[in-house]
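From a predicted model like this one, the values you see are computed outputs, not experimental measurements.
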Amino acid sequence: MTYELPGLHVAVADGVATVTLDNPPLNLSDGTLLPSLRRFVAQVRDDADVRVIVFDSADPDFFITHGDMRFVTDPDVLAAAGAATMAANPGAEFPPQLNLMQVVHEEVRSLPQITIGKLTGLARGGGNEFLMALDMRFAAIGKAGQAQPEVLLGIMAGGGGTQYMTSLIGRARALELLLGAQLVDAELAERYGLVNRALPTDEIGGFVDSLARRIGALRPEIIAAVKTSVNAAATPITRDGLAVENAMLTPLFSADAAALAHKLLAAGMQTRDGERNLEALLAQF
């Protein structure tokens with residue numbers, strides 16, 4: 001079975017839903033992708049035929065680039081995206097102390113299914129936060145890259161990044177990556193614990209597919225029992241922690257941050273060339 005949502009292609013077979021992110025031109029986390037992700041979550045949460053969800057990208061360069069910079073430069077764009085995101089799953093809770101990215105990422109993180117990210121391109125900012133919200137991540141050597149560049153934009157990671165990253169890799173390494181804002185390749189991501197494994201590009205597809213199908217063949221109650229038990233042992237990510245992150249982020253959406261965002265957009269951010277070498281572009285400001 002296959003179906004489409006704006007920015008997403010979904011194919012379901014053998015207990016596995018493969019969700020291909022396809023939001024051209026850059027796979028931004030924006031007013032198209034965020035509502036579609038929330039709508040997909042609402043549809044799949046109680047689907048007994050889906051036991052594993054694999055997220056990959058139709059774009060060879062980008063998994064999800066980052067949040068749309070217009071969220072910083074234009075409050076109306078952010079408000080419209082929030083309204084569309086709420087409309088995509090009207091029956092679900094939207095806690096007022098959280099922002100729209102946090103809500104979407106938390107709904108993905110709380111899915112009963114096992115979620116897997118196949119990273120064969122770049123994931124920065126909100127894209128990496130989405131990736132970290134998944135249960136497992138696998139990265140292609142020589143192709144994958146992850147970063148939280150928000151501090152260089154005059155803001156901070158605010159889509160769950162401070163909480164997810166600290167839970168995954170620990171306080172010291174989280175501070176290094178959140179404040180250092182450097183692009184992390186697949187090998188370092190594996191060493192730090194940002195991803196499960198770094199794999200050669202020609203092996204990652206087969207590995208992820210085989211793993212997903214093995215898990216997809218299990219009975220749903222077994223998957224639920226294991227995931228519930230592992231979650232009970234893991235470092236807790238709480239709504240209070242996310243609320244602190246959002247409270248720290250909100251004042252940083254200032255006139256200065258908007259002015260910097262306009263300069264970065266004029267210099268090539270959110271173009272393909274600019275995003276391929278974003279760290280070099282950011283270093284100019």
Return a table of donor-acceptor pairs under 3.5 angstrom between the side chains of residues 15-28 and protein atoms on other chains or two or more places apart.
from	atom 1	to	atom 2	distance (Å)
Thr20	OG1	Asp56	OD1	2.9
Asp22	OD2	His9	NE2	2.7
Asn23	ND2	Leu28	O	2.9
Asn23	ND2	Asp30	OD1	3.0
Asn23	ND2	Asp30	OD2	3.2
Asn27	OD1	Asn23	N	2.6
Asn27	ND2	Leu21	O	3.3
Asn27	ND2	Ser57	OG	2.9
Asn27	ND2	Phe63	O	2.9

Side chains of [X] and [Y], heavy atoms from C-beta outward: is any pair under 4.5 Å?
X      : Y      : result
Leu152 : Phe285 : no
Leu131 : Phe55  : no
Leu249 : Asn99  : yes

**Study point:** Any donor-acceptor N/O pair, Asp185 side chain to Leu188 backbone, under 3.5 Å
**Key:** yes
Review point. Are Glu275 and His66 close enough that a side-chain donor and a side-chain acceptor fall under 3.5 Å?
Key: yes
Review point. Do Gln97 and Asn246 have side-chain N/O donor and acceptor atoms under 3.5 Å apart?
Key: no
Practice item. Walk me through it: do Thr115 and Arg109 pass the test side chain to side chain donor-acceptor pair (under 3.5 Å)? Key: CA-CA 8 Å; Thr115 56; Arg109 194 174 71 88; over 6 Å; no
Check your understanding: Going through the distances and angles, do Arg124 and Glu279 end up as a salt bridge (charged side-chain N to carboxylate O under 4.0 Å, His left out)?
Key -> CA-CA 10 Å; Arg124 296 186 179 100; Glu279 284 69 30; 2.8 Å; yes
Point to revise | Leu211 CG to Ile116 CD1 distance, which is reported to the nearest 0.5 Å | key: 4.5 Å
**Study point:** Residues, nucleotides or ligands: over 12 heavy atoms within 6.0 Å of Arg45 CZ
**Key:** yes
Check your understanding: Between Arg239 and Glu93, is the closest basic N to carboxylate O distance under 4.0 Å?
Key -> yes
Practice item. Assess whether side chain to side chain donor-acceptor pair (under 3.5 Å) is satisfied between Glu106 and Tyr164, documenting all intermediate values. Key: CA-CA 10 Å; Glu106 279 296 281; Tyr164 301 154; 2.7 Å; yes
Study note, to complete from the structure: Sorted by chain and number, sequence neighbours left out, side-chain hydrogen bond (donor to acceptor under 3.5 Å, both in side chains) with Thr2 holds for none
Review point. Applying the salt bridge (charged side-chain N to carboxylate O under 4.0 Å, His left out) test to Asp14, which of Arg214, Arg213, Arg51 qualifies?
Key: Arg213
Please list, one pair per line, the donor and acceptor atoms closer than 3.5 Å that link side chains of residues 165-184 to other protein atoms, with sequence neighbours excluded.
from	atom 1	to	atom 2	distance (Å)
Thr166	OG1	Thr162	O	2.6
Glu176	OE1	Tyr192	OH	2.7
Glu176	OE2	Tyr192	OH	3.2

